[in-house]
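Reviewing the structure listed below.
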Amino acid sequence: MIPTRHDYYRRRAREHRKLALAAGESEQRAMHDQLVRAYDALAKQYRLRQIVRLKI
């Protein structure tokens, strides 16, 4: 299966969440938290949307 952009960005966000929890310094933690927010925003932008068509 080919991953979607949504899947890719969700995985990157999850990876950076783990790195933020493991970071020893507050600067590193803040950098990973910022990346988590960015990847979450991208994942939200590319999430799958159901298309509804009305037949008249």
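Since the model is a prediction, treat every value here as computed from it, not as a measurement.
Heavy atoms from other residues, nucleotides or ligands lying under 6.0 Å from CZ of Arg5 number 12 at most.
Residues satisfying the side chain to side chain donor-acceptor pair (under 3.5 Å) criterion with Arg14, sequence neighbours excluded, are absent altogether. Arg12 pairs by the side chain to side chain contact (heavy atoms under 4.5 Å, CB included) definition with Tyr8, Glu15, Tyr39, not counting sequence neighbours.
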- Task: Kindly indicate, with the supporting measurements, whether the criterion side-chain contact (heavy atoms from CB on, under 4.5 Å) is fulfilled by Arg17 and Asp40.
- Result: CA-CA 11 Å; Arg17 269 191 200 94; Asp40 279 341; 2.8 Å; yes
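Residue pairs meeting the side-chain hydrogen bond (donor to acceptor under 3.5 Å, both in side chains) criterion with at least one partner in residues 27-37, sequence neighbours excluded, are His16-His32.
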